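Everything numeric in this text was worked out from a predicted model, so none of it was measured. We name chains A, B, ... by the order of the sequence lines, and we start the count at 1 in each one.
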There are 2 protein chains.
Amino acid sequence: MPPQEHESGWIDRLRRHGDRITPSRRAVVMALTSSDRALSALEILEWARPWCPGLGIVTVYRTIERLQHLGLVQRVHGVNSCHSYIAVSDARRFMFLCERCGSADALSMPDMETMVGQAATALGFQVQALTFQVNGLCRRCQSEPAAPMAEATAVADVTVC
Amino acid sequence: MPPQEHESGWIDRLRRHGDRITPSRRAVVMALTSSDRALSALEILEWARPWCPGLGIVTVYRTIERLQHLGLVQRVHGVNSCHSYIAVSDARRFMFLCERCGSADALSMPDMETMVGQAATALGFQVQALTFQVNGLCRRCQSEPAAPMAEATAVADVTVC
DNA sequence: CTAGTTGCAAAGTTTTTGCAACGTT
DNA sequence: AACGTTGCAAAAACTTTGCAACTAG
């Protein structure tokens with residue numbers, strides 16, 4: 001829900017981690033921090049291109065990998081097609097993903113976290129990643145007839161690259 | 001945890017649904033019902049080949065699709081590489097997936113189901129699929145040094161195909 | 001016999017790798 | 001200046017499609 005406030009934080013995080021801050025990375029970070037829904041690699045490319053026209057898909061993949069490694073971005077799985085990415089946030093640990101419009105409704109469930117922790121301990125399981133998703137249709141999309149699907153909004157004419 | 005008791009049930013289910021029971025399908029069903037871990041399409045092929053030497057990957061994909069449609073099989077997402085499949089079972093709705101050996105420890109958490117249901121209702125969200133997974137290392141694999149990874153166990157010399 | 005099913009080969013997608021040029025620090 | 005980073009082209013991995021032959025019912 002917070003807008004793109006993440007952005008500078010992510011950049012700092014990358015820098016502190018020893019990664020260089022390039023226009024390409026800025027653009028990818030911008031795309032991911034300003035989207036409220038999960039984006040595929042291709043979508044990230046489209047979102048980021050306006051800010052960095054030369055950007056290539058390879059760099060998108062490589063940047064996603066780094067951001068994932070830093071715990072800033074997480075994978076999201078659709079019913080068909082896995083492999084979309086969204087900013088990690090505690091509030092968004094549990095997601096209701098709309099298959100139609102792509103929206104990701106957040107929900108924080110502290111009790112659930114506790115239960116998972118207890119279960120893991122009981123099993124002696126070392127947790128690396130947690131995926132909790134409910135896929136389906138959000139309230140709005142249940143009534144709508146056609147299929148919208150947030151398109152790569154034609155964004156500003158600013159260029160960082 | 002139950003052995004391959006599913007098998008005949010799945011076959012019946014397919015038949016009732018109007019699908020034909022072929023040796024290829026039997027073999028894929030056998031692989032999925034007798035494995036206690038999630039298998040990729042390729043792994044299913046390997047597991048099933050001993051029972052049906054001519055089996056091709058295309059048929060594996062097509063059979064998976066049908067089984068998914070009937071709600072007998074569900075997708076499972078690894079940290080790297082999504083796209084493995086495992087038998088659906090209520091007990092296994094919540095899974096602890098070992099990234100090392102692939103084991104899927106089941107855990108039924110009725111309370112959690114309730115919470116999800118309530119949350120969905122509150123959001124007006126129409127649930128289509130539910131993914132709850134904890135990826136990490138199971139107790140055994142935490143201590144072991146090398147990487148085993150259940151291999152396509154050389155199985156019986158029986159052939160149905 | 002008929003319509004669903006199969007496996008091959010080929011086309012499509014998506015992701016990774018090799019590498020010389022480039023840009024951040 | 002040094003070394004991480006980039007984007008292209010190509011390779012690799014993974015899925016789907018077209019189609020003639022096959023077979024379960």
Side-chain angles (χ1 to χ4, degrees), chain A residues 8 10-31 38-46 48-70 73 75-85 159-161, chain B residues 8 10-31 38-46 48-70 73 75-85 159-161:
Chain A
S8 58
W10 288 25
I11 298 293
D12 287 351
R13 198 91 197 304
L14 280 165
R15 210 190 313 267
R16 252 179 287 130
H17 189 256
D19 288 314
R20 292 188 181 168
I21 308 307
T22 65
S24 305
R25 283 184 181 170
R26 271 185 203 283
V28 171
V29 166
M30 190 172 297
L39 302 173
S40 68
L42 226 53
E43 288 172 323
I44 293 172
L45 183 66
E46 286 165 2
R49 267 263 168 82
W51 281 285
C52 184
L55 185 61
I57 188 72
V58 182
T59 301
V60 173
Y61 278 115
R62 290 194 274 227
T63 305
I64 290 171
E65 193 193 353
R66 271 186 176 69
L67 294 173
Q68 255 191 301
H69 213 245
L70 291 177
V73 151
R75 231 199 199 124
V76 144
H77 312 281
V79 167
N80 342 272
S81 88
C82 292
H83 300 199
S84 290
Y85 302 86
T159 292
V160 227
C161 179
Chain B
S8 58
W10 288 25
I11 296 293
D12 286 352
R13 198 92 195 306
L14 280 166
R15 208 188 316 263
R16 252 179 286 131
H17 189 256
D19 288 313
R20 293 190 180 167
I21 308 308
T22 65
S24 305
R25 285 185 179 169
R26 270 185 203 285
V28 171
V29 166
M30 190 173 295
L39 302 173
S40 68
L42 227 54
E43 288 172 323
I44 293 172
L45 183 66
E46 287 166 2
R49 267 262 168 82
W51 281 285
C52 184
L55 186 62
I57 189 73
V58 181
T59 300
V60 172
Y61 279 115
R62 290 194 274 225
T63 306
I64 290 171
E65 194 193 353
R66 271 186 176 71
L67 294 173
Q68 255 191 300
H69 212 245
L70 290 177
V73 151
R75 235 200 195 121
V76 144
H77 311 281
V79 167
N80 343 272
S81 87
C82 292
H83 299 199
S84 289
Y85 302 86
T159 292
V160 225
C161 178

- Message: B:Trp51 vs B:Arg26, test: side-chain contact (heavy atoms from CB on, under 4.5 Å). Steps then yes/no.
- Response: CA-CA 9 Å; B:Trp51 281 285; B:Arg26 270 185 203 285; over 6 Å; no

- Query: Are B:Val29 and B:Leu14 close enough, and set up right, to give a side-chain contact (heavy atoms from CB on, under 4.5 Å), and what steps lead you there?
  - Reply: CA-CA 10 Å; B:Val29 166; B:Leu14 280 166; 4.2 Å; yes

- Measuring from A:Ile44:CD1 to A:Tyr85:OH, what's the distance to the nearest 0.5 Å?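 Nearest 0.5 Å value for the CD1-OH distance: 7.5 Å.
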
- Query: How far does NE2 of A:His77 sit from CZ of B:Arg75, to the nearest 0.5 angstrom?
  - Reply: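 Going from the NE2 atom of A:His77 to the CZ atom of B:Arg75 covers 9.5 Å.
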
- Item | Whole-Å gap separating C1' (C:dT15) and CG (A:Leu45) |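 One finds 14 Å between C1' of C:dT15 and CG of A:Leu45, rounded.
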
- Query: To the nearest angstrom, how far is A:Ile11 atom CD1 from C:dT24 atom P?
  - Reply: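 Spelled out: CD1 on A:Ile11 to P on C:dT24 is 13 Å.
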
- Task: Summarise protein proximity over nucleotides 12-24 of chain D in one line of letters, 5' to 3': B for base, S for sugar-phosphate only, - for none, counting protein heavy atoms closer than 4.0 Å.
- Result: --SSBB------B

- Query: For the helix from C:dC1-D:dG25 to C:dT25-D:dA1, what angle lies between the axis at the first five pairs and the axis at the last five pairs, to 10 degrees?
  - Reply: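 The two end axes of the helix from C:dC1-D:dG25 to C:dT25-D:dA1 meet at 50°.
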
- Quick one: on DNA chain C, does B:Arg49 or B:Arg25 contact a more 5' nucleotide (nearest heavy atom)?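 Comparing both residues, the 5'-ward one is B:Arg25.
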
- Who passes side chain to side chain donor-acceptor pair (under 3.5 Å) against B:Arg49, sequence neighbours left out?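 By the side chain to side chain donor-acceptor pair (under 3.5 Å) rule, B:Arg49 matches no residue at all.
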
- Message: My understanding is that only residues two or more places apart in sequence, or in another chain, count here; which of them pass side chain to side chain donor-acceptor pair (under 3.5 Å) with A:Arg13?
- Response: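 For A:Arg13 there are no side chain to side chain donor-acceptor pair (under 3.5 Å) partners, ignoring immediate neighbours.
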
- Spell out, as yes or no, whether a donor-acceptor pair under 3.5 Å connects the side chain of B:Glu46 to the backbone of B:Glu43.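 Not at all, since once roles are kept as given, no pair shorter than 3.5 Å links the two residues.
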
- Message: Looking at B:Arg25 and B:Arg20, would you say the former's side chain and the latter's main chain have a donor-acceptor pair under 3.5 Å?
- Response: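 Yes; judged by distance alone, with no hydrogens or angles, the pair exists.
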
- Which pair of heavy atoms, one from A:Leu55 and one from A:Ser24, lies closest together, and at what distance?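 Here A:Leu55 and A:Ser24 meet closest at CD1-CB, 3.7 Å.
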
- Given C:dG7, is OP1 or OP2 found less than 4.0 Å from the side-chain N or O atoms of B:Ser24?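 Yes, such a contact exists.
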
Distances for protein N or O near nucleotides 20-22 of chain C N or O, under 3.5 Å:
none

Just distance, no hydrogens or angles: give the donor-acceptor pairs under 3.5 Å from side chains in residues 61-70 of chain A, sequence neighbours left out.
residue	atom	partner	partner atom	Å
A:Thr63	OG1	A:Thr59	O	2.8
A:Arg66	NE	A:Asp19	OD1	3.0

